[in-house]
Amino acid sequence: MGAPSALPLLLLFACCWAPGGANLSQDGYWQEQDLELGTLAPLDEAISSTVWSSPDMLASQDSQPWTSDETVVAGGTVVLKCQVKDHEDSSLQWSNPAQQTLYFGEKRALRDNRIQLVRSTPHELSISISNVALADEGEYTCSIFTMPVRTAKSLVTVLGVPQKPTISGYKSSLREKETTTLKCQSSGSKPAAQLTWRKGDQELHGELTQVQEDPNGKTFTVSSSVTFQVTREDDGADIICSVNHESLKGADRSTAQRIEVLYTPTAEIRPDPPKPREGQKLLLHCEGRGNPVPQQYLWEKEGSEPPLKMTQESALIFPFLNKSDSGTYGCTATSNMGSYKAYYILNVHDPSPVPSSSSTYHAIIGGIVAFIVFLLLILLIFLGHYLIRHKGTYLTHEAKGSDDAPDADTAIINAEGGQSGGDDKKEYFI
């Protein structure tokens, strides 16, 4: 009698206990969990496979709101959007991680001017939170007060922006081939940022980034160090530490440390003019380079004693070159870091040929004569052309009682070379 009377009670218990022993599926249905009911294995299987549904439950799928997770940079603005297909004449509500109501429909519930209403309709409730702080991170809940109440979660992740990195460990100056270690540090990142090193455009391989949690328990301080040996080419170079973090969105956030390297000088001798000739003025420039710049120059000529010149000026001057000035010259450039000697072999070339005054005079006279001859030739050509065009033309004048030349009024032009008649005539050839 005990077992048969217990079966209806078990079935009733299974039905009524569903909220505690069942799971709400993503589509809004209640589903039974497996229950341990002793030896009633067939009943266990029946209960565990039962899906509790009804026409009202099938329709309630459209009443389930949905949201999306959001990521925002600290100090920025985030928009929380909640939507529902079937509102069932009920309003949507947003609550913060502390379960404080922010908005119920279009009505503000929490006095926080950072939180503003973006859109409120029966099917959507969107709000914005500006100037987001790290404390705003967490799960926000969108609820719709149907039967039963349905909710959706939106996880808001707030990114902590890393501070500009700082570099420590640099001394005032470094000597060539000296090894140095620099340390870089940045605070306030969430999640922890990464640090990288470079020298100009060249990447430097530093130690792995070290991470330490800040006192607020939310952000992190990261640090890294790099060790390298300096050369003279590093003088004036920038050692750069950059912080990489998703909150920067590709923007550069870095710090540069310019280093100074002390190194021994070098020198090079440059002649002016480049090809010296006898009789010319010559300057030999000793161009010294170094850090610090050479302050003293010593000039010497091989085979001659004592030194030619010791001065702070870098040039050796020859006012008037002679063949005897040919030879090997040395310039020693000196600074407090050391000295360097450069050499130059001077070969004095023969003087350049200079045109004499008499040859110049003759050249001028020759040019004038050539010009006059050219003008005469031009005149002869024009005269010959004129005579050819007027060949056989005469001016005839009939003489009347005298041997004088005829007047212009009595001139007769005879193209045929004369005129018959008994009178005396005088002919003029034009």
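Heads up: numbering here begins at 1 and tracks the sequence. Hydrogens, waters and symmetry mates are skipped; everything else that's a heavy atom, side chains included, is used.
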Asker: Do Lys281 and Ile317 come within less than 4.5 Å of each other through their side chains, counting heavy atoms only?
Answerer: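 Of all side-chain heavy-atom pairs linking Ile317 with Lys281, at least one is under 4.5 Å.
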Asker: Should we count NZ of Lys199 as having more than 12 external heavy atoms under 6.0 Å?
Answerer: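 Above 12, so yes.
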Asker: Quick one: does Ser130's side chain have a donor or acceptor within less than 3.5 Å of a partner on Thr77's backbone?
Answerer: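 Side chain of Ser130 to backbone of Thr77, a donor-acceptor pair under 3.5 Å: no, none is there.
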Asker: Hey, which of Asn96, Leu117, Leu125, Thr141 is the one that makes side chain to side chain contact (heavy atoms under 4.5 Å, CB included) with Leu102?
Answerer: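 Option passing the side chain to side chain contact (heavy atoms under 4.5 Å, CB included) with Leu102: Asn96.
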Asker: Is the shortest heavy-atom distance from the side chain of Val261 to the side chain of Thr231 under 4.5 Å?
Answerer: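 Of all side-chain heavy-atom pairs linking Thr231 with Val261, none is under 4.5 Å.
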Asker: Distance check, rounded to the nearest 0.5 Å: His285 atom NE2 versus Ser314 atom OG?
Answerer: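 One finds 7.5 Å between NE2 of His285 and OG of Ser314.
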Asker: Taking Glu207's backbone N and O only, do any of them form a donor-acceptor pair with Ser224's side chain (distance below 3.5 Å, no angle check)?
Answerer: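 Yes; judged by distance alone, with no hydrogens or angles, the pair exists.
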Asker: Distance check, rounded to the nearest 0.5 Å: Leu262 atom CG versus Asn336 atom CG?
Answerer: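 So the CG of Leu262 and the CG of Asn336 are separated by 8.0 Å.
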Asker: Are a donor atom and an acceptor atom from the side chains of His245 and Ser247 found within less than 3.5 Å of each other?
Answerer: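 The answer is yes; a qualifying pair exists.
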Asker: Here's a test for you: under side chain to side chain contact (heavy atoms under 4.5 Å, CB included), which of Val118, Leu92, Leu80 qualifies with Ser126?
Answerer: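 With Ser126 as partner, side chain to side chain contact (heavy atoms under 4.5 Å, CB included) holds for just one option, Val118.
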Asker: Below 30° counts as parallel, above 60° as perpendicular, anything between as tilted: where do the rings of Phe318 and Tyr329 land?
Answerer: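 Phe318 vs Tyr329 ring planes: perpendicular.
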Asker: Looking at CD1 of Ile240 and SG of Cys184, how far apart are the two atoms once the value is rounded to the nearest 0.5 Å?
Answerer: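 Answer for the CD1-SG pair, Ile240 versus Cys184, is 11.5 Å.
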Asker: Looking only at side-chain N and O atoms, does Gln194 offer a donor or acceptor that is under 3.5 Å from a partner on Thr196?
Answerer: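 No - no donor-acceptor pair under 3.5 Å links their side chains.
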Asker: Are any non-hydrogen side-chain atoms of Val230 and Phe228 less than 4.5 angstrom apart?
Answerer: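 Of all side-chain heavy-atom pairs linking Phe228 with Val230, at least one is under 4.5 Å.
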Asker: Looking at Thr67 and Lys153, would you say the former's side chain and the latter's main chain have a donor-acceptor pair under 3.5 Å?
Answerer: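 At least one qualifying donor-acceptor pair exists.
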Asker: Does Arg277 use its side chain to pair, donor to acceptor, with the backbone of Asp350 at less than 3.5 Å?
Answerer: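 Between the backbone of Asp350 and the side chain of Arg277 there is a qualifying donor-acceptor contact (under 3.5 Å).
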Asker: Are the side chains of Leu110 and Trp94 in touch, meaning some heavy atoms are under 4.5 Å apart?
Answerer: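 SC-SC contact between Leu110 and Trp94 ruled out.
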Asker: Check the pair Glu137, Lys218 against salt bridge (charged side-chain N to carboxylate O under 4.0 Å, His left out), reporting the backbone distance first and the verdict last.
Answerer: CA-CA 10 Å; Glu137 185 174 82; Lys218 294 181 177 296; 5.5 Å; no
Asker: State whether the side chain of Thr181 and the backbone N or O of Thr227 hold a donor-acceptor pair below 3.5 Å, judged by distance alone.
Answerer: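 Looks like no, no N/O pair under 3.5 Å.
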Asker: Using a 3.5 Å distance criterion without hydrogens, assess whether the side chain of Ser242 forms a donor-acceptor pair with backbone atoms of Ser254.
Answerer: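 No; zero donor-acceptor contacts below 3.5 Å.
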Asker: Donor-acceptor pair, distance only, cut-off 3.5 Å: does the side chain of Thr101 make one with the backbone of Tyr103?
Answerer: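 It does not hold such a pair.
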Asker: Judged by atom type as modelled, is there a donor-acceptor pair below 3.5 Å linking the side chain of Gln295 to the main-chain atoms of Val293?
Answerer: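 Between the backbone of Val293 and the side chain of Gln295 there is a qualifying donor-acceptor contact (under 3.5 Å).
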Asker: Side chains of Ser90 and Glu88: donor-acceptor distance under 3.5 Å anywhere?
Answerer: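 On atom types as modelled, these side chains do not qualify, holding no pair under 3.5 Å.
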Asker: So, taking the atom named SG in Cys331 and the one named OH in Tyr297, what distance separates them when rounded to the nearest 0.5 Å?
Answerer: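 The distance works out to 7.0 Å.
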Asker: Go through the steps to decide whether Arg270 and Glu268 satisfy the test side-chain contact (heavy atoms from CB on, under 4.5 Å), and finish with yes or no.
Answerer: CA-CA 7 Å; Arg270 179 178 58 85; Glu268 181 182 3; 5.8 Å; no
Asker: So, do Pro273 and Leu282 sit near enough that their side-chain heavy atoms are less than 4.5 Å apart?
Answerer: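 Yes, their side chains come closer than 4.5 Å.
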Asker: Working to the nearest 0.5 Å, report the span between CG of Asn291 and CG of Leu174.
Answerer: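 It is 11.0 Å, given to the nearest 0.5 Å.
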Asker: Going by heavy atoms in the side chains, are Lys81 and Ser68 under 4.5 Å from each other?
Answerer: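 A side-chain contact is absent here, since even the closest heavy-atom pair is not under 4.5 Å.
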Asker: Nearest 0.5 Å please: distance from the CD1 atom of Ile269 over to the CG atom of Leu316.
Answerer: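 That separation rounds to 8.5 Å.
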Asker: Between the main-chain N or O of Glu260 and the side-chain N or O of Asp235, is there a donor-acceptor pair closer than 3.5 Å?
Answerer: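 Between the backbone of Glu260 and the side chain of Asp235 there is no qualifying donor-acceptor contact (under 3.5 Å).
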Asker: Look at the side chain of Gln229 and the backbone N and O of Thr180, then say whether any donor-acceptor pair between them is shorter than 3.5 Å.
Answerer: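 Absent.
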